[in-house]
Amino acid sequence: MNIFEELGGKNSVFKCKKFLDHRFLPDNLPHREDQIKSVAKYWVEALNNVAPPDVTVYGKTGTGKTAVAKFAKKQLDQISKEKNVNIRVEYIRCTDFTTEYQVIARLCQQMGQDVPYRGWTKAEVINAFRNLFKKNVFGNDLILIIILDEIDILLKNDGDGLLYTLTRTDNVSIASISNFVDFKQFIKPRVRSSLRDREIVFPPYNAQQLVDILQERSKLSFNDDVLHDEVIPLCAALAAKEEGDARYALDLLRTSGELADEKGTEVVYEEYVREAKDQIEHNKVTDIVMTLPSQQQKVLESLIYLTKRKEEITSGRLYDVYKDITKGDSVSYRRIFDFINELEMLGLISTKTVSRGRGKGRTNLITLQCDMVLLEDAMWIG
């Protein structure tokens, strides 16, 4: 028997797993109605052939930012076709397209203009992009809304050249999505002033809201009566502790079901959720640590050393230990601050500013945010 026929023929608790993928866009987004309306009230101007204001969406991972933007895009696409208004909404994930050239080339390709990802000058690509803004058969100008997801990645990698170009192109509106409120530190004042964006903040989901989301998805994903009563509440409670991360909640539920299939049981039990949590955390930390540059791994090794010794970890003390570990092959003290910020963004550490009292100034204290054994295992594997 073909191995895939053998595996495909096994009993499963699932009807269809795709509905538990965070990239799946449902017809209903529970507890994000207000945010959908906030986006829509700005984008509605496009229906009057007016470029909407720029919008910036903030929120932690898994708070529904991308889903809301795509939901609003889908609805605007639908009504603009019905009304014969020349509107395009294009989605760009900045982890895939990390430079101004790549993003503009991608936009051109999405809109039917054949532009290579390399080989042209930046000016040639920009001219090809701007040539797309012509009247359609109804005599209406093109209004283009560009969703830039995880824009902080692009800004950090390539600077604010893309925003400079887009804010100086007629009939373009930018919708920026970021997990970090301070991402505008990468935007120069002259560009920031022309952005003039409206800000929408997404709060974390609470446990009950996550229960509602999981219940809707579970009806689509699982066979009837296979989830133990405590499975969804536990997934929601664990995800609520992770800053209300719906992605994490969905991942927990899916992995719990997969564990049930592996064990050959017809019911997903509460204990599988806890196993799923350990498995997901292990995989996440391992993936992050293995892809860190060697110097950042050395910083992490220094943090583990100081944590084991139960020392108070300041940037100065960290740098001293780091220099000992690297044996002369070290970066500057200033560069260590960049490493600390990057490790904090990855969720491996946290920093807290404390006051030493009058005349003694303030200092940053650093603490590990995940299990030391898990970190050491991941570094050893790497």
Does Asp114, at its CG atom, have more than 12 non-hydrogen atoms belonging to other residues, nucleotides or ligands within less than 6.0 Å?
no
Within 6.0 angstrom of Lys15 NZ, more than 12 heavy atoms from elsewhere:
yes
Checking Leu318 against Leu303 for the side-chain contact (heavy atoms from CB on, under 4.5 Å) test, could you report, in this order, the C-alpha distance in whole Å, the side-chain angles of both residues, the deciding distance, and whether it holds?
CA-CA 7 Å; Leu318 174 63; Leu303 284 164; 3.8 Å; yes
Of the options Leu220, Thr255, Leu253, which is the one that meets Leu20 in a side-chain contact (heavy atoms from CB on, under 4.5 Å)?
Leu253
Cluster membership besides Leu210, Ile/Leu/Val/Met/Phe/Trp/Tyr side chains within less than 4.5 angstrom, sorted by chain and number, is Tyr205, Ile213
With no hydrogens and no angle check, just 3.5 Å: does a side-chain donor-acceptor pair link Ser178 and Asp152?
yes
For side-chain contact (heavy atoms from CB on, under 4.5 Å), just list the numbers for Leu365 and Thr314, CA-CA rounded to whole Å, side-chain angles, deciding distance to a tenth of an Å, and then say yes or no.
CA-CA 5 Å; Leu365 298 182; Thr314 63; 3.8 Å; yes
State plainly whether the residues Asp197 and Lys184 are in salt-bridge range, i.e. N to O under 4.0 Å.
yes
Would you please test Tyr322 and Gln295 for side-chain hydrogen bond (donor to acceptor under 3.5 Å, both in side chains) and show each step?
CA-CA 9 Å; Tyr322 159 77; Gln295 290 289 352; 2.4 Å; yes
Arg190 and Tyr164, any side-chain heavy atoms less than 4.5 Å apart:
yes
What's the spacing between Glu242 CD and Ile280 CD1 if we round to 0.5 Å?
10.0 Å
Polar side chain donor-acceptor pair, Asp245 to Thr61, under 3.5 angstrom
no
When rounded to the nearest 0.5 angstrom, what distance separates CG in Asn179 from OG1 in Thr63?
7.0 Å
Side-chain heavy atoms nearer than 4.5 Å, only ILVMFWY residues, links allowed to pass through others: does that put Val115 and Ile146 together?
yes
So, Ser315 versus Tyr333: side-chain donor-acceptor pair below 3.5 Å or not?
yes
Check the pair Lys73 / Asp77 against salt bridge (Lys or Arg N to Asp or Glu O under 4.0 Å), numbers first and verdict last.
CA-CA 6 Å; Lys73 164 181 160 45; Asp77 285 341; 3.0 Å; yes
The test is side-chain hydrogen bond (donor to acceptor under 3.5 Å, both in side chains); show your working for Gln109 and Tyr117 and say whether it passes.
CA-CA 10 Å; Gln109 291 186 2; Tyr117 284 120; 3.0 Å; yes
Are Asp320 and Asp324 packed together at the side-chain level, in the sense that at least one heavy-atom pair is separated by less than 4.5 angstrom?
no
Does the distance from a Lys or Arg side-chain N to an Asp or Glu carboxylate O, for Glu90 and Arg106, drop under 4.0 Å?
no
Nearest 0.5 Å please: distance from the NZ atom of Lys70 over to the CG atom of Leu29.
12.0 Å
Do other residues, nucleotides or ligands put more than 12 heavy atoms under 6.0 Å from Asp225 CG?
no
Identify whether the distance between the nearest side-chain nitrogen and carboxylate oxygen of Asp21 and Lys18 falls below 4.0 Å.
no
Qualifying residues under ring-ring contact (aromatic ring centres under 6.0 Å, His included), relative to Phe183, sequence neighbours excluded:
Tyr58
Any salt bridge between Glu33 and Lys37, counting N to O under 4.0 Å?
no
Here the gap from Gln297 atom CD to Thr291 atom OG1, rounded to the nearest 0.5 Å, amounts to 8.5 Å
Verdict with supporting geometry, Cys370 and Leu375, side-chain contact (heavy atoms from CB on, under 4.5 Å)
CA-CA 7 Å; Cys370 52; Leu375 278 176; 3.6 Å; yes
Heavy-atom neighbours of Gln279 CD exceed 12 at 6.0 Å
yes
Are the side chains of Ile151 and Leu163 in contact, using a 4.5 Å heavy-atom criterion?
yes
Using only heavy-atom distances, determine whether the side chains of Glu100 and Thr165 contain a donor-acceptor pair under 3.5 Å.
yes
Step through the shown structure and confirm whether more than 12 heavy atoms of other residues, nucleotides or ligands are within 6.0 Å of CZ on Arg274.
no
ILVMFWY cluster, Val285 and Leu238 together (side-chain gap under 4.5 Å):
no
Closer than 3.5 angstrom, by distance alone: can the side chain of Ser173 be matched with the main-chain N or O of Pro53 as a donor-acceptor pair?
yes
Is the CD atom of Glu266 crowded by more than 12 outside heavy atoms at less than 6.0 Å?
no
For Leu306 and Ile366, run side-chain contact (heavy atoms from CB on, under 4.5 Å): C-alpha distance rounded to whole Å, both residues' side-chain angles, the deciding distance at 0.1 Å, then the answer.
CA-CA 10 Å; Leu306 289 167; Ile366 308 163; over 6 Å; no
Is there a path of hydrophobic side-chain contacts, each under 4.5 Å between heavy atoms, that joins Val50 and Leu76?
no
Those residues at least two apart in sequence (or on a different chain) that pass ring-ring contact (aromatic ring centres under 6.0 Å, His included) with Phe24 are Phe19
Distance col, row Arg317:CZ vs Ser302:OG, nearest 0.5 angstrom, shows 10.0 Å
Less than 4.0 angstrom from a charged side-chain N to a carboxylate O is my criterion; do Lys308 and Glu376 meet it?
yes
